[in-house]
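A quick write-up on the structure given underneath.
A note on names: the letters A, B, ... follow the listed sequences, proteins ahead of strands, and every chain is numbered from 1.
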There are 2 protein chains.
Amino acid sequence: MSTTTGQRPMRADARRNYERLLAEAKVSFREHGADASLEEIARRAGVGIGTLYRHFPTRLALQEAVYRDEMDQLAAKAYELAETAPPEEGLAAWILTISEYACRKRGLTQTLKAVIDLHSETFIRCHEDIERAAGTVLTRAQEAGTARPDLRPRDVLRLAHALSVASERAPEDTELLLSFIMDGLRPRP
Amino acid sequence: MSTTTGQRPMRADARRNYERLLAEAKVSFREHGADASLEEIARRAGVGIGTLYRHFPTRLALQEAVYRDEMDQLAAKAYELAETAPPEEGLAAWILTISEYACRKRGLTQTLKAVIDLHSETFIRCHEDIERAAGTVLTRAQEAGTARPDLRPRDVLRLAHALSVASERAPEDTELLLSFIMDGLRPRP
DNA sequence: TGCCAACCGGAGGCTACCTCCGTATTGTTG
DNA sequence: CAACAATACGGAGGTAGCCTCCGGTTGGCA
């Protein structure tokens, strides 16, 4: 636990507030995501905003503390099961615990996903446009006999994406990689 | 283009401001990510904040417009190449264009990644803790002869993760899935 | 030129961020 | 148990961003 500075133990009131803040932060982050209002967390913990900032100088510090606490809980559950449950049952129970935790975490992002999905027609439209554009360049190369006839526009896009990933760390090799790709696109003689 | 309402064409000043906003938004989002200040975008475009909100009622609307514009540019490049460059060269050039765009986009997130990496010791520590915890439950099951001896703690964690993914849409099947997993963990007779 | 619909700008009310310092609480020592 | 550091608290206050609303301005058309 990081409720001690590594030196003297925290004063009683300090420790109490630290724990309240952590508990409220956990709830708020769950409800509103990583952008939850720090002032509201302090408010709900019945604590001044200054106190929050003293214990957690940074939003990231608070997020880390919450994360760390959740991990501690999962670990504690394992040790508890190892002592109280029959071996196989214990293992199964713990796997279930972890799985549920992961589900809950993933659920969080779905609020954001819903917003994006709502507007996804834009993305669909854009994708269609780009495929059409890819089609014109590709068709022309195919008609000139320099590209395999079975290539589809989406293949071109995927290759471009692959190239961007491959050449990210070594931009000086981009040209070489591109030449490999272009070789691969040519019809077999 | 969405610079028309689908009805009458925009007034000259409206169109001018729309385009300035779009240009500045592109720069700001590139520099500061999706959380860039809308007021600063308006300021840099030399336009009142009200004007920004009239054209783009929502942060998402502005982001979508920027995205759409970038896609239009990529598509335009394809049509241009199809008319001016030899077929094969045109195809290669376009693949390169797309690849570079994807690289630039990916570079954006690295600012955020740097922050996270900086604090990644926390995550490493947590991961170690959890593996240790997994170890205790697993070892016990192995000693009791109900789990294969070649299982490692990380395998347990991965299975738990897989279970969470698999059971997300059908929580009622979780128990059944778990029983499959547990069967798989048992030593071969 | 004159008119009106379309458009502009930014003040204003709100919330959140983060800092700073006077005040209050704790626990330790005589 | 009293008194005093050391420690911790709280929230005012200055800044900035969000978004709305409306009096004033401008462009385009007759």
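Side-chain atoms of B/Thr97 and B/Lys77, non-hydrogen and from C-beta on, do get closer than 4.5 Å to each other. Residues B/Ile41 and B/Leu38 meet the side-chain proximity criterion, which asks for heavy atoms closer than 4.5 Å. Residues A/Leu96 and B/Leu163 form a side-chain contact, since some pair of their non-hydrogen atoms from C-beta on lies under 4.5 Å apart. Using a 4.5 Å heavy-atom cutoff, the side chains of A/Leu138 and A/Asp155 are not in contact.
In this structure, A/His55 places its NE2 atom 11 Å from C1' of D/dT7, rounding to the nearest Å. When the P atom of D/dA8 is taken as reference, atom CZ of A/Arg16 falls 13 Å away, rounded to whole Å. As a whole-Å value, the separation of A/Ile49 CD1 from D/dA12 P is 13 Å. Between A/Tyr53 atom OH and D/dA12 atom P the separation is 16 Å, expressed in whole Å. Atom pair B/Ile41:CD1 and D/dC19:P shows a separation of 12 Å (rounding to whole Å applied). One atom, CZ of A/Phe56, and another, P of D/dC9, lie 11 Å apart when rounded to the nearest Å. Rounding to whole angstrom units, OH of residue A/Tyr18 and P of D/dC9 are separated by 13 Å.
For A/Thr51 and D/dG10, the shortest distance from a side-chain N or O to OP1 or OP2 is below 4.0 Å. Note on A/Asn17: every side-chain N or O is 4.0 Å or more away from OP1 and OP2 of D/dA8. When the side-chain nitrogen and oxygen atoms of B/Arg54 are compared with OP1 and OP2 of D/dC21, none of them lie within a distance under 4.0 Å.
A salt bridge links A/Glu31 to A/Arg44: at least one charged side-chain nitrogen sits closer than 4.0 Å to a carboxylate oxygen. Under a 4.0 Å N-O distance rule, the pair A/Arg16/A/Asp13 does not qualify as a salt bridge.
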Polar atom pairs (N or O), protein with nucleotides 28-30 of chain D, under 3.5 Å:
{"residue": "D/dG28", "atom": "OP1", "partner": "B/Ala12", "partner atom": "N", "Å": "3.1"}

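Between the side chain of A/Arg140 and the backbone N or O of B/Glu83, no donor-acceptor pair lies under 3.5 Å.
Counting heavy-atom neighbours within 6.0 Å of A/Lys26 NZ, excluding the residue itself, gives a total above 12.
Mapping heavy-atom proximity under 4.0 Å, the span of DNA chain C touched by chain A runs 5' to 3' from C/dA16 to C/dG27.
Nearer to the 5' terminus of DNA chain D, by closest-nucleotide assignment, is the contact made by A/Gly46 (compared with the other of A/Gly46 and B/Gly50).
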- Query: Which is it for B/Thr146 and A/Leu91 under the side-chain contact (heavy atoms from CB on, under 4.5 Å) test, yes or no, and what are the steps along the way?
  - Reply: CA-CA 10 Å; B/Thr146 59; A/Leu91 182 55; over 6 Å; no

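Ranking D/dG17, D/dC9, D/dT20 by closeness to the B/Arg43 side chain, first place goes to D/dG17.
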